[in-house]
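We use all heavy atoms of the structure for the numbers below, so side chains are in, but hydrogens, waters and symmetry mates are not. First listed ligand is number 1; within each ligand, the first listed atom is number 1. Count residues from 1 along the sequence.
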Amino acid sequence: MKADIVTIFPDFFRGPLDHGITRRATEMGLVKIEVHDLRQFTHDRHRTVDDRPFGGGEGMVLKPEPLFECLESLQLPTREERLTGAPKQSVIVLSAQGQRLTQKLATELAALERIVLICGRYEGVDERVIDFLADREISIGDYVLSGGELGAAVIVEAVTRLLPGALGNEASSRQESFTAHAPAETAGADSTCGSGGLLDYPHYTRPAEFRGMAVPEVLVNGNHLEIRRWRREQALRKTLRNRPDLLDGVELTKEDKKILARISGAGHIQN
Ligand code: 9D3
């Protein structure tokens with residue numbers, strides 16, 4: 001996978017992508033990340049990348065010329081070629097108006113040979129970049145950031161760890177054990193929802209008692225069946241509390257429904 005990042009803050013990426021899985025994947029040659037300084041594609045003395053919006057309004061907009069010239073320097077197939085047939089590349093604008101990044105979308109991107117990530121700044125980019133240069137517009141969530149740089153780093157990390165060989169054996173076998181907790185054939189669980197669409201159950205490590213806070217007895221002395229049941233209940237509890245929206249898309253067993261009725265204080269509701 002080749003990832004090109006287009007930004008007015010190239011130094012921003014020295015930190016996040018030089019650590020952990022992205023660093024190891026780079027060293028292994030699984031991913032090649034190239035950061036392009038948008039100002040290198042300006043021609044004026046002040047290296048201007050932004051301008052005021054037509055029609056008035058607050059803020060500035062990334063002007064099209066440097067972005068088009070930068071993309072042309074990357075020697076990609078045309079937008080039409082990318083959009084017809086089975087695409088191997090994608091040019092993505094990071095913007096607050098984009099399609100939401102999900103694990104499913106990360107999986108789609110991980111199947112590509114090349115992604116180009118254009119980091120919006122100020123109020124955004126000239127819409128002609130989105131209409132004629134890019135094939136996707138992605139947001140990483142419903143909150144306001146100051147630009148696309150964090151979003152680009154998030155996408156690179158989410159995609160890199162999906163590349164074959166990027167995770168050690170330890171991590172990949174851990175993912176397999178997740179699906180074992182699912183009630184039915186709900187494999188392909190995503191990162192937020194390990195246990196068949198639910199949030200993960202809580203984890204503990206030594207010491208068994210720390211400053212008077214004890215690890216739940218069942219984990220220390222319980223048998224495998226009790227532990228499995230306890231973890232399922234805890235996953236249901238956490239999901240109900242933190243992400244009740246996820247419960248709609250989850251396959252629940254009779255046992256799960258009983259637990260939910262008990263813990264949600266809706267024991268009288270038949271479901
Ligand atoms: C007048 C409304 N604008 C400012 C509050 C909207 C707006 C413009 C530009 C909001 C954010 C931004 C800059 N953000 C990004 O470029 C961005 C982003 C984000 O803000 N949230 C989540 N994902 C992303 S990806 C790029």
Is atom CD of E27 surrounded by more than 12 heavy atoms (other residues, nucleotides or ligands) closer than 6.0 Å? yes
Compute whether any side-chain donor of one residue and acceptor of the other, for T22 and E157, lie under 3.5 angstrom apart. no
Side chains of E65 and H43: do they bring a donor and an acceptor to under 3.5 Å? no
Option of least heavy-atom distance to atom 22 (C) of ligand 1 (set: G147, A96, G151, G141): G141
For ligand 1, the portion of S95 having any non-hydrogen atom under 4.0 Å away: backbone
For atom 6 (C) of ligand 1, find the nearest protein heavy atom and state the residue, atom name and distance (0.1 Å precision). E123 OE1, 3.9 Å
heavy-atom search around atom 23 (N) of ligand 1 in the protein gives I140 N, 3.0 Å
Check each heavy atom of R121 against ligand 1 and say whether those closer than 4.0 Å belong to the side chain, the backbone, both or neither. neither
May I ask whether G124 places a heavy atom under 4.0 Å from ligand 1? no
At a 4.0 Å threshold, what atoms of ligand 1 neighbour a non-hydrogen atom of S139? 22 (C), 23 (N)
Go through the steps to decide whether D126 and L67 satisfy the test side-chain contact (heavy atoms from CB on, under 4.5 Å), and finish with yes or no. CA-CA 9 Å; D126 186 288; L67 284 166; over 6 Å; no
Do S90 and R136 pair up side chain to side chain, a donor and an acceptor below 3.5 Å, judged on atom types alone? yes
How close does the nearest protein non-hydrogen atom get to atom 9 (C) of ligand 1, and which residue and atom is it? Y122 O, 3.2 Å
Would you say NZ of K2 has more than 12 non-hydrogen atoms from neighbouring residues, nucleotides or ligands within 6.0 angstrom? yes
What residue and heavy atom of the protein are closest to atom 21 (N) of ligand 1, and at what distance? Y143 O, 2.8 Å
Return the option from L62, V93, V144, L145 holding the heavy atom at the smallest distance from atom 12 (C) of ligand 1. L145
N/O donor-acceptor pairs under 3.5 Å from side chains in residues 112-125, not counting sequence neighbours:
unit_1: R114; atom_1: NE; unit_2: D4; atom_2: OD2; d: 2.8
unit_1: R114; atom_1: NH1; unit_2: L74; atom_2: O; d: 3.2
unit_1: R114; atom_1: NH2; unit_2: D4; atom_2: OD2; d: 3.0
unit_1: R114; atom_1: NH2; unit_2: L74; atom_2: O; d: 3.4
unit_1: R121; atom_1: NE; unit_2: E149; atom_2: OE1; d: 2.9
unit_1: R121; atom_1: NH1; unit_2: S146; atom_2: O; d: 3.3
unit_1: R121; atom_1: NH2; unit_2: E149; atom_2: OE1; d: 3.0

Would you indicate whether F54, at its atom CZ, is surrounded by more than 12 heavy atoms from other residues, nucleotides or ligands within a distance under 6.0 Å? no
Enumerate the atoms of ligand 1 whose separation from the nearest heavy atom of G148 is less than 4.0 angstrom. 16 (O), 26 (C)
